[in-house]
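Residues: numbered from 1 along the sequence shown.
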Amino acid sequence: MNDHSKLMHINLFIFGCGHHRAAWRHPGSSVERLGDIAYFEELAQTAERGKLDAVFFADGQSADNVADGPRWYLEPLTTLAAMSRATERIGLISTVSSTFYTPFHAARLVASLDHISRGRMGWNVVTSMFDAEARNHGFDAMPDHAWRYARAEEFVDAVLRLWDSWADDALALDRKGAYARSDKVRAVHHKGEHFRVDGPLTVPRPPQGHPVLFQAGASEQGRDLAARCAEAIYAVAYDLAAAQEYYRDIKARVRAAGRQDPVPIMPGLVTYVGSTQAEALAKQRELDELLPAPDALRQLGMYIGRDCTHWDLDAPVPALMPLEDFQGPKGRYATVLRIIDTEKPTLRQLLGRLAAGGGHCTMVGTPEAIADEMERWWRNEGADGFNLMPPSLPGGIDDFVNHVVPVLQRRGLFRRDYETATLRGHLGLARPAMG
């Protein structure tokens, strides 16, 4: 069971105009503001007003299907530098691709942001997936899964060693003598299959020691890496049963790796909040009806590795290959199979579900009903918290902070104010000693 002396953790996953693929088409969307840093600063300030643990950015390295709507615009680490100056306490997390960054570059960027934010940074390490991304970074096609995970593991190891290349007390700042103690700054001399990194880093040790390492591992290798390295984990769980399977498996692997850390697990959560159930359902339907079918079918094709542009929208979804035969990202594919198996949707209904959060848990209802369901997951080994994926922004996070957070606070499930100043503090994680 969860340790209920601790509270629920909640992050805001910021994505363009919201996680619903058609959100940008809504008359009230923020699509004109995606290049305006004030928009992102305001989202972070709203999340901070709700006392959320952190804001989070995913990232992508290619611009395809640009007519479908916004996917990427401002580079996230750059954006977080500005957002850190517009906020005081909330954590700031960005995805970093171990496939395309080098450890030195990533370590330097993230360490700098930890200093700039005074200890509020987290990094979500991913292996990139798509050939279109690979071809922007000197590859002809994306290397295979095993290669990407081996590189990710070595990447994490090298970054952590770089952050530890300066001791906490390395800076002497002696105007008559040394700036830094040379015996407290050491090379890392990393030489592996993927990287050579001599070190030391050009930035002294970050305020948190290590910015918090998030991961989202769904495959066998991904789960294994997450259990050994991650300090907090993003998950995809369509329902409580799926969440419990993942939660119990990861917690067992963490224990098997000999770790004492709490490693909070935070499934993605799409919420449509209304003062009544009918109002919440109307918000969902309004976005679903803005979805152009050809774009949605193309996205589904990407998820399932099939061309489905000619399938009948109002018929059941055709049979798909079993999970073990699928070569693409397995976590998302498994979720698609589960939705089909559980809800028996028509193709059109499936597209609506996938258009907002791609198969993550979706809760549609009143603030009390959503709080009930979040509590049920939290009390029953489904989640230590949630990575909020509002279908539309800023409306979706305004609704959540104004209406759901107060219910969670009244029930004693969520903090009323920040008690700590760092992301590690918010998540109940210890500051790591020197490696």
Side-chain angles (χ1 to χ4, degrees), residues 7-20 23-24 26 28-30 39-58 83 86-87 89-93 234-237 243 264 266-288 353 355-358 360-378 382-418 426-427:
L7 298 174
M8 199 179 277
H9 298 293
I10 305 177
N11 290 349
L12 166 62
F13 180 174
I14 297 175
F15 185 69
C17 301
H19 287 266
H20 195 295
W24 71 278
H26 192 279
S29 90
S30 42
Y39 167 62
F40 295 97
E41 290 171 336
E42 289 159 18
L43 290 174
Q45 288 164 345
T46 300
E48 187 166 71
R49 178 165 61 80
K51 312 303 176 188
L52 270 56
D53 294 72
V55 295
F56 163 66
F57 283 105
M83 290 163 69
T87 54
R89 293 291 192 92
I90 195 160
L92 308 158
I93 305 163
Y234 289 138
V236 180
M266 306 173 71
L269 174 60
V270 178
T271 56
Y272 294 88
V273 187
S275 55
T276 62
Q277 176 76 11
E279 186 188 316
L281 284 165
K283 287 183 182 181
Q284 183 181 32
R285 191 170 59 247
E286 191 176 8
L287 288 179
D288 285 351
R353 283 288 275 107
H360 284 270
C361 175
T362 301
M363 299 183 187
V364 187
T366 62
E368 292 74 16
I370 288 171
D372 286 347
E373 191 63 6
M374 291 173 72
E375 181 174 1
R376 190 168 76 93
W377 282 47
W378 184 72
D384 297 309
F386 297 91
N387 196 29
L388 287 182
M389 303 169 64
S392 62
L393 288 170
I397 189 59
D398 291 343
D399 287 348
F400 190 90
V401 163
N402 293 339
H403 302 294
V404 182
V405 165
V407 178
L408 295 170
Q409 288 170 331
R410 282 199 299 274
R411 295 182 185 183
L413 300 172
F414 192 64
R415 69 173 72 81
R416 289 182 178 272
D417 208 348
Y418 293 108
H426 302 340
L427 294 171

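- When atom types are taken as modelled, the side chain of Y39 and the backbone of G16 share a donor-acceptor pair closer than 3.5 angstrom.
- Between H20 and the choices L287, V270, L393, the side chain to side chain contact (heavy atoms under 4.5 Å, CB included) rule is met once, by L287.
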Please step through side-chain contact (heavy atoms from CB on, under 4.5 Å) for the pair I10 and M374, ending with a clear verdict. CA-CA 11 Å; I10 305 177; M374 291 173 72; 4.1 Å; yes
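- Of all non-hydrogen atoms in A44 and I90, the two that sit nearest each other are O-CD1, 4.2 Å.
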Please determine whether side-chain contact (heavy atoms from CB on, under 4.5 Å) holds for the pair W377 and C361, giving the CA-CA distance in whole Å, both sets of side-chain angles, and the decisive distance to 0.1 Å. CA-CA 11 Å; W377 282 47; C361 175; 3.5 Å; yes
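- Panel note: side chain H426, backbone R89; a donor-acceptor pair is recorded below 3.5 Å.
- Across every non-hydrogen atom of I370 and V273, the tightest pair is CD1-CG2, 3.8 Å.
- If you run side chain to side chain contact (heavy atoms under 4.5 Å, CB included) between I397 and each of I14, N402, L52, only L52 comes through.
- Here the OG1 atom belonging to T362 is positioned 4.0 Å from the CZ atom belonging to R353, to the nearest 0.5 angstrom.
- Considering all non-hydrogen atoms of both residues, C17 and A23 come closest at O-CB, 3.6 Å.
- The structure places CZ of F386 at 13.0 Å from NE2 of H360, a figure rounded to the nearest 0.5 Å.
- Residues D399 and Y272 form no side-chain contact, since every pair of their non-hydrogen atoms from C-beta on lies 4.5 Å or further apart.
- Ring planes of H19 and F13: perpendicular class, angle over 60° (limits at 30 and 60°).
- Residues F414 and M8 approach most closely at CD1-O, 3.3 Å, considering heavy atoms.
- Contact of the D417 side chain with the K51 side chain is registered, since non-hydrogen atoms from C-beta on lie closer than 4.5 Å.
- A distance-only check finds no donor-acceptor pair linking the side chain of S392 to the backbone of P390 [under 3.5 Å].
- By the 4.5 Å heavy-atom criterion applied to side chains, W378 and L408 are not counted as neighbours.
- Checking side-chain atoms of E368 against main-chain N and O of V407 turns up no donor-acceptor pair under 3.5 Å.
- Remark: side-chain polar atoms of N11 are not paired, donor with acceptor, to backbone N or O of V55 under 3.5 angstrom.
- Counting all heavy atoms, side chain and backbone alike, M83 lies closest to L92 at CB-CD2, 4.5 Å.
- Considering every non-hydrogen atom in both G365 and A280, the closest pair reads N-CB, 3.4 Å.
- Atom-to-atom distance recorded for R410:CZ and R416:CZ is 8.0 Å, nearest 0.5 angstrom.
- A salt bridge does not link E286 with K283: every distance from a Lys NZ or Arg NE/NH1/NH2 to an Asp or Glu carboxylate oxygen is 4.0 Å or more.
- The backbone N or O of L7 sits nowhere less than 3.5 Å from a side-chain atom of R415 that would complete a donor-acceptor pair.
- Screening T271, V404, D372 for a side chain to side chain contact (heavy atoms under 4.5 Å, CB included) involving P367 leaves a single residue, V404.
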